[in-house]
Amino acid sequence: MKKYNHLKIEKKWQKKWEKEGVFVARDNDPRPKFYALIEFPYPSGEGLHVGHPRSYTAMDIIARKRRMEGYNVLFPIGFDSFGLPTENYAIKTGRPPSEITKENIANFTKQLKMLGFSFDWDRAVTTSDPSYYKWTQWIFLQFFKHGLAYKKKMTINWCPKDKIGLANEEVVDGCCERCGTAVEKREKEQWMLAITKYADKLLEGLKDVDYIERAKVQQENWIGKSTGALLQFTVVSSQFTDKIEVFTTRPDTLFGATYMVLAPEHKIIKNVKLKIKNWDEVEKYIDTVKKKTEQERMNVEREKTGVELKGIKAINPATKEEIPIWVADYVLAGYGTGAIMAVPGHDGRDFEFAKKFGLKVREVVSPSPGLRPSSPAGRGGSKNFPSPSGRGEGDGGAYTGPGILINSGRFNGLAHETAKWKITESVGGTRKVTYKLRDWVFSRQRYWGEPIPLVWCDKCKEWVSIPESALPLKLPKVEKYQPTDTGESPLAAMEKWVKTKCPRCGGPARRETDTMPNWAGSSWYFLRYCDPHNNKEFASMEKLKYWMGSPSPQSSPIKGEEAIGNPPPLVGGVRGGVDWYNGGMEHTVLHLLYSRFWNQFLYDIGVVPTREPYKKRTSHGIILGEDGEKMSKSRGNVVNPDDIIKQYGADTLRLYEMFMGPFDQAVPWSTKSIAGVQRFLEKVWQLGSKISETSKISETSVERLLHKTIKKVTGDIEAMKFNTAIAAMMTLVNEMSKEDKLSVTSYELLLTLLHPFAPHITEELWNRIHRPSPGLRPPSPLGRGEGEGMLCQQPWSKYDPALVKDEEIELVIQVNGKVRDLVRVSVDISEEEAKVLAFQNEKVAKWFHGQEVKDVIFVKGKLINIVTQ
RNA sequence: GCCCGGAUGGCGGAACGGUUUACGCAGAGGACUUAAAAUCCUUGCCCCAAAAGGGUUGUGGGUUCGAAUCCCACUCCGGGCACCA
């Protein structure tokens, strides 16, 4: 057989699949549905990155396998096309972002099609298309109607030289990325979405979904629910009293609160200005803090800073002592009440601070006796013992674990959990739940985003939404894409567009000139895919119910062993949503949370059928450059997928990206290693010359391995262990290559298994077997399609359970856990038989000779261990 | 700083608490060839040791008959940190 020419074959099959429409998802088809989703790309000017095909190939494998298993599969693609890089490029070149976007999308489309993904291109959506963002605006109006969109003063990054608001990413070391000028903070009215109102629902919903565990944990921590207490501290000075409220999750440690700390932004500081003796110093400190970002504030390598407010004191409500009040930037204004009671005895940060400034430390919680061995130092575990709490005992001297109260008056001896609410009650405090989650800043002073469809009416004295019939509110063409000198979006410079009439009273009104953030379009795109051409609704309930519903109890019809990786059906409710969503770990907090929030809201107003948008979420690791660093233009380690496809072919690239390492971990690229998978495909190709129509499936050892491989690959795909699935197929092909003749059936089974990974070459080989031609006549094995039909439409292979069971194994004989010999025995060998074998074995005997045998451990079908120690 | 991952040969990696290194890359030896490429076969694979053997899964400790795997502490690397997508 001639060598295989990937260039010809790949184009041929891509055309054929498209022409026959084999990947078109059919609405309301009687087959069970399966919705497979990947994160749609941002069409950057650089084109496709080798990272994209990693996630896309993985879901393509799953989508193709599901089709072969009899599902009606929806595997859509689109473009998340609003965003900063395009806008910045437009500013530089003066070209309209819409034009640039169009070109980029055309390029991405071409590149994606070369990879042979089984996308349904008929459903492609583009977020910057008015027919799409019409509905993004519509959803925003629903938020607005329901009181979840509101305006609030927020600080933004401001470059005083460029006179432009900056995204966090554009701020490098506190300076403007472009001009290097120090960035200032400015107050600006911003549209906010009240995601915090959904904090509990977003937390609750995590119980019903099958997400990769670390994504769940990240979301939980991001929402950061904690139950604590609000406590009042009285502030006193010579002629004045006031109250400061603090939030604490550890009210049980109140007796140990030896000072208080206020966030530099805390409003009381200005109120008590006249009482503060060192005001100059305090003011100076607050000014320096203003220049730091939040992260910098948390980052000051354990070096805490702060200033005492001299002249005023607080009173600890439990001990009635006067304690000093400090201002320090490790306390954030946005969390809790912006003020804390500091308990250096039991909080690491407070301890650091107290140590630096010589403040009093008092221990009020003692580790329970029995929980921790006593140590001479009286604090910190002795080296040889594990910490009793399992964590949190670092931080020098602060003990943060559980224990019994001491130095706490009448509460001494109580368990700290019990003491929490008793102490809270005794000082008149209240229980309070807080979240780390903050409301979502939803407006941008930028051009390339969805216009916010609201107008300010001077007469009505409020924001009025434009009628839904007037949507989409199109993004008008502007001359310049720079934000204006005042920091407003370029839209603000278009008087004609801005000046309008109030839709309610008809009076003069002004349009909102802010646009939406890039997150908006990606928060609901999975819904639009269900009904992408609908111009009456964002998607019809009927179609949403079909694609987002849960018609089958499991996401796979295969039962038993083969269903590895499919979650069991939920007890007490039917799950709905996208059946399987794969994306990057970098999106597991923001995008995932935002889109869950939008879906939950849409569910609450009755326009989508499921509470949660995604049933199952998995993640892929990023592909690093050959140097092990993140790929970037500046490092010069970027690999262009086009070059690889041209040289090696799409099948090889797909296979390589699946083989290079564990799917969920970051792996460095290695062009050298591509040779391995390329040789493998070449071997599969050459194997075609060995098939013989007379050879029934008789090559017994290969047959057993074949069925084992079917089992392995089937399970590994479900678990996204693509690298080991490919390794198993390589082993199989190596064995098959050793045979003189191969039955058609075994070759077909191999092609079927490999097809989702390398669709073009397998389709071609399948076609060659089934095309009547000399030497390769079509037989009729296993009732598969004869002589016609494409491989992508054939049923997925089943294995014969009788053939995957081993009859013999290598029994490991150990002495004290060390391997001393291996014996080939039947799988069913009994403990007694194994003992006899082990004790009679000469190689083994010398290792326990003359010693007392204390125990013999037998693991069926695996090993026997003789213990003498 | 906080939250979440990761660390196994020269390299990418494999390994339900049970033979560390499957599969692949690179290397060495050989076959074929006028030659090269390609292909095929064979072969180590890390340290100590002449060998028997012993050690070795980032470091240190623990649990266990037995730990890469479970627990504790630490080091380094990666992702996220709310206006990059």
Side-chain angles (χ1 to χ4, degrees), chain A residues 3 39 41-42 44 80 82-85 154 156-157 165-171 190 195 213-215 217-218 220-222 224 294-302 330 349 381 383-387 390-391 393-394 436-446 517-519 522 584-591 593-594 619 621-622 624 628-630 656 659-662 664-670 672-677 679-680 682 686 721 723-724 726-731 734 737 810 812-819 821-822 854-857 859 862-863 865-869:
Chain A
K3 290 193 76 169
E39 285 164 352
Y42 174 74
S44 72
D80 190 12
F82 275 133
L84 259 193
M154 295 298 290
I156 60 162
N157 301 312
L166 297 175
N168 286 344
E169 200 200 37
E170 298 174 295
V171 181
Q190 302 274 28
I195 190 172
E213 192 54 32
R214 55 187 153 128
V217 174
Q218 284 282 61
E220 267 165 30
N221 291 344
W222 187 261
E294 198 164 289
Q295 262 178 79
E296 282 173 320
R297 282 174 59 170
M298 315 287 285
N299 206 8
V300 205
E301 280 288 270
R302 303 204 173 195
Y330 78 97
R349 289 160 303 177
K383 261 190 204 156
N384 300 319
F385 297 98
S387 149
R391 71 172 74 153
E393 208 183 325
K436 287 217 175 79
L437 183 69
R438 310 199 290 250
D439 276 345
W440 176 2
V441 183
F442 198 69
S443 41
R444 304 285 183 269
Q445 290 71 51
R446 291 291 191 148
N518 172 272
W519 304 107
S522 60
M585 270 318 283
E586 70 273 22
H587 292 292
T588 48
V589 181
L590 295 180
H591 160 66
L593 201 67
Y594 290 153
S619 275
I622 59 168
L624 306 168
E629 302 279 331
K630 203 170 171 171
Y656 172 64
F659 184 63
M660 64 197 303
D664 60 354
Q665 276 170 45
V667 200
W669 178 269
S670 164
K672 254 195 210 162
S673 300
I674 294 176
V677 288
R679 278 179 206 145
F680 165 68
E682 186 63 42
Q686 295 302 336
K721 288 159 82 174
N723 53 336
T724 52
I726 294 166
M729 289 189 278
M730 285 174 166
T731 307
N734 288 344
S737 304
E810 296 242 287
V812 176
I813 305 177
Q814 296 182 333
V815 178
N816 294 322
K818 291 213 158 74
V819 180
D821 202 12
L822 299 170
K854 295 211 174 115
D855 201 1
V856 176
I857 286 158
V859 182
K862 202 138 239 170
L863 63 80
N865 185 16
I866 299 167
V867 184
T868 66
Q869 290 165 3

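Throughout, a chain's letter reflects where its sequence line sits, starting with A, and its residues are numbered from 1. Reckoned from all heavy atoms, side chains included, excluding hydrogens, waters and symmetry mates.
- Atom CZ of A/R349 and atom P of B/C2 are 9 Å apart (whole Å).
- Nearest-nucleotide positions on RNA chain B for A/A215 and A/V677 put A/A215 closer to the 5' end.
- Residues forming a salt bridge (charged side-chain N to carboxylate O under 4.0 Å, His left out) with A/E629 (at least two apart in sequence, or on another chain): A/R635.
- In this structure A/S670 satisfies the side-chain hydrogen bond (donor to acceptor under 3.5 Å, both in side chains) test together with A/S673, sequence neighbours excluded.
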Distances for protein N or O near nucleotides 6-10 of chain B N or O, under 3.5 Å:
none

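- Remark: P of B/G13 and NZ of A/K721 are 16 Å apart, rounded to the nearest angstrom.
- Partners of A/R214 under the salt bridge (charged side-chain N to carboxylate O under 4.0 Å, His left out) rule, at least two apart in sequence or in another chain, are A/D664.
- For A/T868, the side-chain hydrogen bond (donor to acceptor under 3.5 Å, both in side chains) criterion is met by A/N816, A/Q851, not counting sequence neighbours.
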Original post:
In the 5'-to-3' direction, what one-character label does each nucleotide of nucleotides 78-85 of chain B receive under the scheme B = base within less than 4.0 Å of a protein heavy atom, S = sugar-phosphate only, - = no such atom?
Top reply: -BSBBBBB

Any N/O pairs under 3.5 Å between the protein and nucleotides 51-60 of chain B? List them or say none.
{"residue": "B/G54", "atom": "OP1", "partner": "A/R820", "partner atom": "NH1", "Å": "2.8"}
{"residue": "B/G54", "atom": "OP1", "partner": "A/R820", "partner atom": "NH2", "Å": "2.8"}
{"residue": "B/G54", "atom": "OP2", "partner": "A/R820", "partner atom": "NH1", "Å": "3.4"}
{"residue": "B/G55", "atom": "OP1", "partner": "A/K818", "partner atom": "NZ", "Å": "3.4"}

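- Applying the salt bridge (charged side-chain N to carboxylate O under 4.0 Å, His left out) criterion to A/D80, with sequence neighbours excluded, gives no partner residue.
- Going from atom CG of A/L822 over to atom CD1 of A/I813 covers 8.0 Å, rounded to the nearest 0.5 Å.
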All N/O contacts under 3.5 Å from nucleotides 66-69 of chain B to the protein, with atom names and distances to one decimal?
none

Which pairs, protein N/O on one side and nucleotides 44-46 of chain B N/O on the other, fall under 3.5 Å?
none

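- A/Y594 pairs by the side-chain hydrogen bond (donor to acceptor under 3.5 Å, both in side chains) definition with nothing, not counting sequence neighbours.
- Taking side-chain N and O atoms only, A/R679 has no distance below 4.0 Å to OP1 or OP2 of B/G24.
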Original post:
Which dot-bracket string describes RNA chain B (Watson-Crick N1-N3 plus N6-O4 or O6-N4, or G-U N1-O2 and O6-N3, all under 3.5 Å; [ ] crossing; | other strand)?
Top reply: (((((((..(((.....[....))).(((((.......)))))..(((....)))..(((((..]....))))))))))))....

